[in-house]
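Since this is a predicted model, take the numbers as computed values, not measurements.
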Amino acid sequence: MKKDQSDEPKNGDRRPVGKDGPGQRPEWAVGLRQLYDSVVEEPLPDSFGDLLKKLDGEDS
């Protein structure tokens, strides 16, 4: 019997989407991780760097 293609995830990943089995993440967790990683990789604006330098100088 042929497997119904509608049961397979659309994202090309063969793991079941939304299943919390061992070693598997739900689809929303993968998207959240990608968003977090993109924010972490953004460069720090110069104004923030200057502010951090000023704050570090006040402690000494």
K.L.:
Quick one: salt bridge (Lys or Arg N to Asp or Glu O under 4.0 Å) partners of D46, sequence neighbours excluded?
P.N.:
none
K.L.:
Rounded at 0.5 Å granularity, tell me how far CZ in R25 sits from CG in L32.
P.N.:
10.0 Å
K.L.:
Say you draw a straight line from CZ of R33 to CH2 of W28; how long is it, rounded to the nearest 0.5 Å?
P.N.:
11.0 Å
K.L.:
Can you list everything that forms a side chain to side chain contact (heavy atoms under 4.5 Å, CB included) with P43? Sequence neighbours excluded, please.
P.N.:
none
